[in-house]
2 protein chains.
Amino acid sequence: MTKLEKGPQGRRRGRGARERILSASQQLFRAQGINRTGMDQLCAVAQVSKRTAYQHFTGKDDLVAEYLRRFDPDIMAGVFDRTDLTPRERLLAAFEVPTSGPEELTPLCPYIAATVEIHDPQHPASQYARDYKLAVAARLAETAREGGAANPEQLGEQLALLLDGASARTRVLNAESFPAAAAIAAVLIDNALPATDRDRGSEKGAVRFE
Amino acid sequence: MTKLEKGPQGRRRGRGARERILSASQQLFRAQGINRTGMDQLCAVAQVSKRTAYQHFTGKDDLVAEYLRRFDPDIMAGVFDRTDLTPRERLLAAFEVPTSGPEELTPLCPYIAATVEIHDPQHPASQYARDYKLAVAARLAETAREGGAANPEQLGEQLALLLDGASARTRVLNAESFPAAAAIAAVLIDNALPATDRDRGSEKGAVRFE
DNA sequence: TCCTTTGTACACCGAGCTGTGTACTTAAAA
DNA sequence: TTTTAAGTACACAGCTCGGTGTACAAAGGA
């Protein structure tokens, strides 16, 4: 009991250090931004010693890159995987607010945020951001093709642009912009998809989903 | 000539210190971002002593706010002032790339950049950003009304969203997105404006795009 | 000419940042 | 039980940043 009093005082949190670090990153980078989140604070929230953090990641840049990579695997899963919806409905579902809270705003897309904060197009984070954006557009195009769109790539790119616009504008205006984007999306989709799929038609189509 | 050798060495640049500072801000904040531009570098570029800078602005925050205020007066002048164009053409002109260089990308809207970098919605810069965005939407709505749009406010907000989307996406993808946004805008405008104004229509004024 | 305003040179402070070195402890696999 | 991988506490180096204090110099109107 010599100098042991301070040794295991904040007792061991076990092995999941890396997970805790990444989870704290997600929380803090979103809430405060990347540049305004210091490694000290991050380690405190993750309940991890600074030394441990730098054993798992070569530096903050590395951590940021990993933080972004985390979003990749589930590119808008829960939207594109919903086989119960028609392609048209799936495309529109991408604009539905995550329904987090009643008055809570949709947070700015972390890839846009990272690109602006990092500011270096060569940084891995910026690379991931491009890859992700292209992947989303491709997913949308794929669904558009499934729905029989005349030019699925164009529709995918257009819808992706709407998503980014809604994301950025929600942040700047501090007011939800996704409903407005969804309205535009509906127009574009109805213009691009054949009428047979336009099941939502007021009265003339009226096929409903088969 | 005792200690005078260093006195007037970098000789006086005259009275326009404030202008030089703001002009250097514009250059550096756009090129490097706000957070990555230190006051030392800024003063060096402006050819102004640090002391002088802090006599004109109470702090960096103040400077950032003034930097953004500079854009206000001419809210997209040169677009809305073009009386030679029909309202429809003016709305579309807002999407024309500033034609800076042949291969140069449209820079990210400084208000979006500042909002993301500053991250504090209470910061004057964020306030200005909101004000500016609302002003642009209002201008667009005004022109839409002039063109006889059924719901000018809605069209203005929609076009503003497209502009923001193109701006953000151009930055993230590192590829020009304004033409794609312009294509969407054309659809929305043609849907909203009465056929009489749809002078550009290829034939019969269909709502086609492409 | 004088005098006020504006700008200058430069050292310096304190805070916060990323990242490291060292000596130690613990959990769990072997 | 022994060994090893993972985690810890903490001080500290080194840097950049925003911002200030001081003493001085020049421009320009009166």
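None of these values were measured; they are calculated from a predicted model. Chain naming here is simple, since letters A, B, ... match the order of the sequence lines and numbering starts at 1 in each.
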Between B:R130 and B:P121 (side chain of the first, backbone of the second, donor and acceptor by atom type, cut-off under 3.5 Å), is there such a pair? yes
Whether the side chain of A:T143 engages the backbone of A:R139 through a donor-acceptor N/O pair (distance < 3.5 Å, no angle test) should be reported. yes
Residue met sooner reading DNA chain D from 5', once B:Q55 and A:T52 are mapped to nucleotides: A:T52
Report the residues that fulfil side chain to side chain donor-acceptor pair (under 3.5 Å) with A:E117, sequence neighbours left out, ordered by chain and then residue number. A:N35
Is the ring pair B:Y132/B:Y111 parallel, tilted or perpendicular, if the boundaries are 30 and 60 degrees? parallel
I'd like to know if B:E89 pairs up with B:R82 as an ion pair, taking the criterion as any Lys NZ or Arg NE/NH1/NH2 lying under 4.0 Å from an Asp or Glu carboxylate oxygen. no
Indicate for each nucleotide in nucleotides 17-22 of chain C, in 5' to 3' sequence, whether protein heavy atoms under 4.0 Å reach the base (B), only the sugar-phosphate (S), or nothing (-). -BBBBB
Looking at B:H56, I'd like to know whether one of its side-chain N or O atoms comes within less than 4.0 Å of OP1 or OP2 on C:dG7. yes
